[in-house]
Novice: 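First the structure, then my questions, so here it is.
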Amino acid sequence: MGDSASYIRMVHHLIEECIIFNMSKEECMEALSKHANIKPVITSTVWKELEKENKEFFEAYTKRREDRSASEMETKQRIQNMVSESSKRDTQD
């Protein structure tokens, strides 16, 4: 039984590392599967338990990720608009 507890602690620690890198649950599952050979169902199960134990943190984390994503999309759109306007001016000159 001690081995499974230490394995869960290791997965827990790796999930915390994913969170430091601002990864979603899905990104974390993929990364741990690819780089640590941890089955996605294990990562998902531990993540869900962490969400239950730390509801407020994960609500804030999800909102922060969504806000950041929206901000990044807005920035990309502004850059595309600037490039488009610049190329229009170049063709008019």
Side-chain angles (χ1 to χ4, degrees):
M1 187 70 180
D3 288 340
S4 63
S6 63
Y7 184 74
I8 301 280
R9 276 194 301 277
M10 179 193 69
V11 174
H12 178 156
H13 173 73
L14 292 171
I15 288 172
E16 289 175 347
E17 294 294 320
C18 290
I19 289 170
I20 289 169
F21 286 103
N22 200 43
M23 296 172 126
S24 68
K25 180 169 97 173
E26 292 72 22
E27 291 167 331
C28 184
M29 289 166 49
E30 184 179 331
L32 296 188
S33 176
K34 182 176 180 180
H35 300 290
N37 201 28
I38 296 170
K39 292 181 180 172
V41 68
I42 302 292
T43 303
S44 178
T45 302
V46 175
W47 186 291
K48 285 177 190 173
E49 287 303 311
L50 291 172
E51 283 181 321
K52 284 182 195 174
E53 294 171 9
N54 304 284
K55 186 175 170 129
E56 296 83 14
F57 169 81
F58 277 94
E59 286 173 354
Y61 179 70
T62 300
K63 180 166 179 11
R64 190 172 64 245
R65 280 186 43 80
E66 289 169 355
D67 290 349
R68 183 175 290 165
S69 178
S71 175
E72 288 172 1
M73 300 246 312
E74 185 178 312
T75 300
K76 286 179 185 176
Q77 186 61 49
R78 285 182 179 170
I79 291 169
Q80 287 175 343
N81 290 345
M82 288 171 37
V83 169
S84 176
E85 290 298 317
S86 178
S87 64
K88 283 179 187 174
R89 274 182 264 145
D90 289 346
T91 57
Q92 291 173 352
D93 289 345

Novice: Could I get the full list of side-chain hydrogen bond (donor to acceptor under 3.5 Å, both in side chains) partners for N81, not counting sequence neighbours?
Specialist: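 Scan of N81 (side-chain hydrogen bond (donor to acceptor under 3.5 Å, both in side chains), adjacent residues dropped) gives Q77.
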Novice: Can you find a heavy atom in the side chain of C28 that is under 4.5 Å from one in the side chain of T43?
Specialist: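 Touching, per the 4.5 Å side-chain cut-off.
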Novice: What distance do I79 atom CD1 and S84 atom OG have between them, rounded to the nearest 0.5 Å?
Specialist: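 These two atoms lie 13.5 Å from each other.
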Novice: Using the rule that Ile, Leu, Val, Met, Phe, Trp and Tyr join whenever any side-chain heavy atoms are under 4.5 Å apart, tell me whether M29 and L14 fall into a single cluster.
Specialist: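 Different clusters.
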Novice: Rounded to the nearest 0.5 Å, how far does CD1 of I42 lie from CG of N37?
Specialist: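 If I round to the nearest 0.5 Å, the distance is 11.5 Å.
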Novice: Could you give the side-chain donor-acceptor pairs of residues 50-64 under 3.5 Å, partners two or more places apart or in another chain?
Specialist:
residue, atom, partner, partner atom, Å
E51, OE2, W47, NE1, 3.3
K52, NZ, E49, OE2, 3.2
N54, ND2, L50, O, 3.0
Y61, OH, M23, N, 3.1
Y61, OH, M23, O, 2.5
T62, OG1, F58, O, 2.9
K63, NZ, D67, OD1, 3.4
K63, NZ, D67, OD2, 3.1

Novice: Quick one: OG on S44 to CD1 on I15, what's the gap to the nearest 0.5 Å?
Specialist: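 Going from OG on S44 over to CD1 on I15, the span is 8.5 Å.
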Novice: Under the salt bridge (Lys or Arg N to Asp or Glu O under 4.0 Å) definition, can you give me all pairs with a residue in residues 13-37, not counting sequence neighbours?
Specialist: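 Checked against salt bridge (Lys or Arg N to Asp or Glu O under 4.0 Å) - neighbours excluded - the pairs reaching residues 13-37 are E27-R65.
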Novice: For the side chain of T45 and the backbone of V41, is there at least one donor-acceptor N/O pair under 3.5 Å apart?
Specialist: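 Checking the backbone N and O of V41 against the side chain of T45, a donor-acceptor pair under 3.5 Å is found.
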